[in-house]
Structures are given as structure tokens and as C-alpha cells.
Amino acid sequence: MIGNPRRWAPLLAGLVLLAGCGAGDPVAAPAGHGDHGTGPADAVVNCGVDVPVQRPERVVAMFQNGIEAVLALGAGDRLVGAAYLDNPLPARLDPDFRPQSYWPEEYPSREEVLRVAPDLVVSGFTGAFTREGLGTRAELEAAGTETFLFSAYCPTADGGDQQSIGDNDVSFAGVERDLTDLGRLLGAEDRAAQVVAGMRGTLADVAARLDGVTDRPRVAMLNSPGSTGELRVFGTGDVVTTIIEAAGGRQAFDTIAGRQRTVSLEGVVAASPDVIVIPACCGRDVGPEGAEPLAERLRNDPALATVPAVRDGKVFTTTFAEISPGIRNADAVATLARRLHPDRFGG
């Protein structure tokens, strides 16, 4: 039995609408697509979209950071669908992960998602709300489903993919705002305030320990998705840079904008990072050790032998979950800060 029968009329209408939307340009975003200012008193403004504040009873969460935020805000009992975990969930959240449907291989079809009749779809990345994914946010709204997107990935137009991400706020204040807004939508304001307060406490502790630090190592965050062997870099305009800077480092690729940009071995040599960090992905059972094959490849590549990070044995692994905007970012800062400045942490 799926949801309230009164939901079926808009859902069926939405399926018809979506079926005719397989091609064409993205829908133009409302003016101020990256705006998160004040909207209607009964709505949250998210990437320029007014999302009504009406406690959802059926939630679908897409990607690790979206799933973890919903669980951390105490809405696990309303999670009817979830997709694409990159890494294991935190131990404190794992028992609450019992979705009605779980799709481990990236995006489910839009029909599969609409079949579980969600009131709200929460996505950590913009790719969910494309016509190749679940449909645009406007199309999903027409199908009776509201949407929420982590604002670091607001596209320049509704339906835009990762290549159309705008000039967004990738600060921790932006992450905190997302968690606060999502808490309001879920009717979990108090839980959101607790999560934000915990993150702020961790960041304040790191900042205090790093007070007076002047030696800031150059940090490169690299991965190699797929089977091509191609290296990708997380550059400026991504929360990764915010994490690096808060941990007492400097972005080694400060001339590369955006995330997951292709970089050559020559580019890595030219960037001369003091530290390389490789996030592991993708699967519910893939921890930091999942990045070890790439780490070993870099450590043993003669072309990189003169790179300080390789020469000095400072190639580390982490998880993709740590470096995606969300509840883990403050802990990611603390972990990286210990690696960059162990003397400040008693190491």
C-alpha cells in the first residue's frame, strides 16, 4: 500500500508530464537561482525555488550527504527511498537506515521514485534533478513531489547538470544553512540546531589549535572515477577548498575552478602539492581503504617522484562522504588538520 490515495492524481499527471520531457533545454531557473534569502513565511527558498514548509511523511534521499542529513535530523522513519551510498554510514546513523526501497546503483528511474509516492526528495548533488535523472524540480513539483538540493550545487537553470553549477556559496555557513533549512522542512528544527552547534564546536576547536599557524601545506584532493585511469581534481568553488583552508592548508590547484576536473600527471607535478588526499568511492561498504589502489599508483609512479607529497610519504586516503557538503565536514576538517599539523594535536 503506497501513501495517501489522494496523492495518486498528481502523481499520475506528473508521470504523463515527465514522459514527454526526455529532450530539450533545461527549464530556466527563477531569478536569483542561487538565492537563499527570505521567501514566503511558509516556504524555504532553495536554489531559487520556494519549497513549502509542510512536514513530509514520505521522504526519498539521494546520495550519501542527502541520506545522512535526513537521518541526522531524525527523519529516518519517514525514509521510503534512498539511492547511492558512497561509503559506510556513521555508526550512530546506520541503525536508522531502513528505507522501503534502496537503489545502490546511482539514480533509480523517475518512475521508480514516483512509485513510492514521496512528499519530498532530498538530493546532495544536482544530477538527481535532471531529465536524465528524476526530472527537473518543476516537473517533480507538478507530479506532487517537493524537492531540496544542497545549495553548493545549485545549477544555473532547473534541470542543469554538474557542468552547469553556478557560482555558489561553498562555505560552512552555506552547509549550516542547508541543514537548518532542511530541518525546518522536516519539522526537525531542534535537531538541526544541535547538528549545526556540534559542527561549529568542532570547527572552533580546530581553529583554536591552529591559531598562529603560518606554514600552510599545499593540499591536492584527487580521485580517478571509472576505469579510464583519468585523474580528477577537486578545485576552487567546491567545499573541498573550504575544508582544506579550515584545516590549515592551501588549495594546491587554486587555478582550477569547480569539482572533478581532469588533470594530467604533468599538472600534478606543476601544482607540487605537499599533501595528496584521495577520497574513496563508491558503495555502502567502501571505506578509506577503497582509495588505496590509486594511492599506491601515485606513490609508485616515477613521473611523480619529485612531488613533495609523494617524496615525503604524505599521500592519504579518506572517503567521498567526508568531502561532500553535509554533516561530516567539520570532522573532515579535524582529520585533515591532524595530518597537516600533528604538533598542534599532540601528535
Side-chain angles (χ1 to χ4, degrees), residues 55-104 118 120-125 148 150 152 172 174-206 209 239-240 242-243 246-247 277 279-291 316-339 345:
R55 185 181 187 275
E57 296 302 324
R58 303 178 66 81
V59 179
V60 167
M62 307 288 290
F63 301 104
Q64 186 95 21
N65 51 342
I67 292 169
E68 290 186 356
V70 169
L71 295 177
L73 295 176
D77 59 337
R78 290 178 270 159
L79 195 62
V80 296
Y84 203 42
L85 284 170
D86 298 313
N87 305 110
L89 289 163
R92 71 184 187 282
L93 299 181
D94 192 67
D96 298 327
F97 185 67
R98 301 184 301 275
Q100 175 180 313
S101 298
Y102 174 56
W103 303 283
L120 178 69
V121 176
V122 176
S123 181
F125 293 94
F148 183 88
F150 273 62
F172 293 135
V175 176
E176 292 172 2
R177 182 182 56 241
D178 284 342
L179 295 172
T180 299
D181 286 348
L182 184 57
R184 187 178 170 208
L185 291 175
L186 293 173
E189 293 93 336
D190 290 346
R191 289 288 288 267
Q194 291 171 7
V195 171
V196 168
M199 293 175 67
R200 287 179 177 174
T202 299
L203 292 172
D205 177 68
V206 172
R209 291 174 182 270
V239 75
V240 160
T242 307
I243 291 170
V277 182
C281 185
C282 300
R284 190 179 179 184
D285 59 348
V286 179
E289 67 283 352
F316 304 112
T317 62
T318 185
T319 62
F320 197 72
E322 299 288 330
I323 63 162
S324 302
I327 66 168
R328 297 206 201 193
N329 291 161
D331 290 336
V333 169
T335 298
L336 182 57
R338 289 187 182 95
R339 286 172 168 164
F345 293 84

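Values below: all heavy atoms of this structure, side chains included; hydrogens, waters and symmetry mates excluded.
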Trainee: Give every residue pair that meets the salt bridge (Lys or Arg N to Asp or Glu O under 4.0 Å) criterion with at least one member in residues 316-336, sequence neighbours excluded.
Mentor: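 Salt bridge (Lys or Arg N to Asp or Glu O under 4.0 Å) check on residues 316-336 returns Glu68-Arg328, Glu322-Arg328.
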
Trainee: Asn329 side chain to Ser324 main-chain N or O, any donor-acceptor pair under 3.5 Å?
Mentor: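 Yes, because the side chain of Asn329 sits within donor-acceptor range (under 3.5 Å) of the backbone of Ser324.
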
Trainee: Drop me the distance from Ser123's OG to Asn65's CG, to the nearest 0.5 angstrom.
Mentor: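 The distance works out to 7.5 Å.
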
Trainee: Atom CD1 of Ile323 and atom OG1 of Thr335: how far apart are they, to the nearest 0.5 Å?
Mentor: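 If I round to the nearest 0.5 Å, the distance is 12.5 Å.
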
Trainee: Which heavy atom in Asn87 sits nearest to a heavy atom in Gln64, and how many Å separate them?
Mentor: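 Distance-wise, the nearest heavy atoms are N-OE1, 2.9 Å.
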
Trainee: Between CG of Leu179 and CZ of Arg184, what distance do you get to the nearest 0.5 Å?
Mentor: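 Separation between the atoms: 15.5 Å.
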
Trainee: By ring-ring contact (aromatic ring centres under 6.0 Å, His included), which residues pair with Phe125, not counting sequence neighbours?
Mentor: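 ring-ring contact (aromatic ring centres under 6.0 Å, His included) check on Phe125 returns Phe63, Tyr153.
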
Trainee: Can you tell me how far apart CZ (Phe150) and CG (Asp181) are? Round to the nearest 0.5 Å.
Mentor: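 It is 10.5 Å, given to the nearest 0.5 Å.
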
Trainee: Could you report the tightest heavy-atom contact between Ala280 and Gly287, atom names first, then the distance?
Mentor: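 Heavy-atom minimum between the residues: CB-O, 3.1 Å.
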
Trainee: Less than 4.5 Å apart, any side-chain heavy atom of Val59 and any of Val80?
Mentor: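 Of all side-chain heavy-atom pairs linking Val80 with Val59, none is under 4.5 Å.
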
Trainee: Can you list everything that forms a salt bridge (Lys or Arg N to Asp or Glu O under 4.0 Å) with Asp190? Sequence neighbours excluded, please.
Mentor: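 Result, salt bridge (Lys or Arg N to Asp or Glu O under 4.0 Å) vs Asp190: none returned.
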
Trainee: What closest approach, in Å, do Ala192 and Gly183 show between heavy atoms, and which atom pair accounts for it?
Mentor: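 Smallest heavy-atom distance, with atoms named: CB-CA, 4.0 Å.
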
Trainee: Ignoring hydrogens and angles, tell me if any N or O in the side chain of Asp86 forms a donor-acceptor pair with the backbone of Cys281 under 3.5 Å.
Mentor: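 No; judged by distance alone, with no hydrogens or angles, the pair does not exist.
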
Trainee: Nearest heavy-atom pair of Gly290 and Val286: which atoms, and what distance?
Mentor: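 In terms of heavy atoms, the two residues are closest at CA-CG1, 4.0 Å.
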
Trainee: Pairs of donor and acceptor atoms involving the side chains of residues 69-79, under 3.5 Å and at least two apart or interchain, shall be tabulated with distances.
Mentor:
residue : atom : partner : partner atom : Å
Arg78   : NH1  : Pro56   : O            : 2.8
Arg78   : NH1  : Leu186  : O            : 3.2
Arg78   : NH2  : Leu186  : O            : 3.0

Trainee: What's the spacing between Phe345 CZ and Asp205 CG if we round to 0.5 Å?
Mentor: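 With rounding to 0.5 Å, CZ (Phe345) is 7.0 Å from CG (Asp205).
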
Trainee: According to side-chain hydrogen bond (donor to acceptor under 3.5 Å, both in side chains), who are the partners of Arg55, at least two apart in sequence or on a separate chain?
Mentor: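 Glu57.
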
Trainee: List the atom pairs, with distances to 0.1 Å, where a side-chain N or O of residues 196-203 and a protein N or O form a donor-acceptor pair under 3.5 Å, not counting sequence neighbours.
Mentor:
residue : atom : partner : partner atom : Å
Arg200  : NE   : Glu176  : OE1          : 3.0
Arg200  : NE   : Glu176  : OE2          : 3.3
Arg200  : NH2  : Glu176  : OE1          : 3.0
Thr202  : OG1  : Gly198  : O            : 3.2

Trainee: Going by the rule side-chain contact (heavy atoms from CB on, under 4.5 Å), which residues pair with Ala247 if we only count those two or more places apart in sequence or in a different chain?
Mentor: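 Result, side-chain contact (heavy atoms from CB on, under 4.5 Å) vs Ala247: Val333, Leu336, Ala337, Leu340.
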
Trainee: Considering all heavy atoms of both residues, which atom of Ala246 and which atom of Phe172 are nearest to each other, and what is their separation?
Mentor: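 Heavy atoms of Ala246 and Phe172 come nearest at CB-CE1, 3.7 Å.
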
Trainee: Give, for atom CD1 of Ile327 and atom CG of Asp178, the distance between the pair rounded to the nearest 0.5 Å.
Mentor: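 One gets 13.5 Å once the value is rounded to the nearest 0.5 Å.
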
Trainee: How would you list, by chain and number, every residue that makes a side-chain contact (heavy atoms from CB on, under 4.5 Å) with Asp94, sequence neighbours excluded?
Mentor: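 Asp94: side-chain contact (heavy atoms from CB on, under 4.5 Å) contacts with Leu89, Arg284.
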
Trainee: Could you check if a side-chain atom of Tyr84 sits within less than 4.5 angstrom of a side-chain atom of Cys282, using non-hydrogen atoms only?
Mentor: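 Sidechains of Cys282 and Tyr84: in contact.
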
Trainee: What pairs with Phe97 under ring-ring contact (aromatic ring centres under 6.0 Å, His included), at least two apart in sequence or on another chain?
Mentor: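 With sequence neighbours excluded, Phe97 shows a ring-ring contact (aromatic ring centres under 6.0 Å, His included) to Tyr102, given in chain and number order.
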
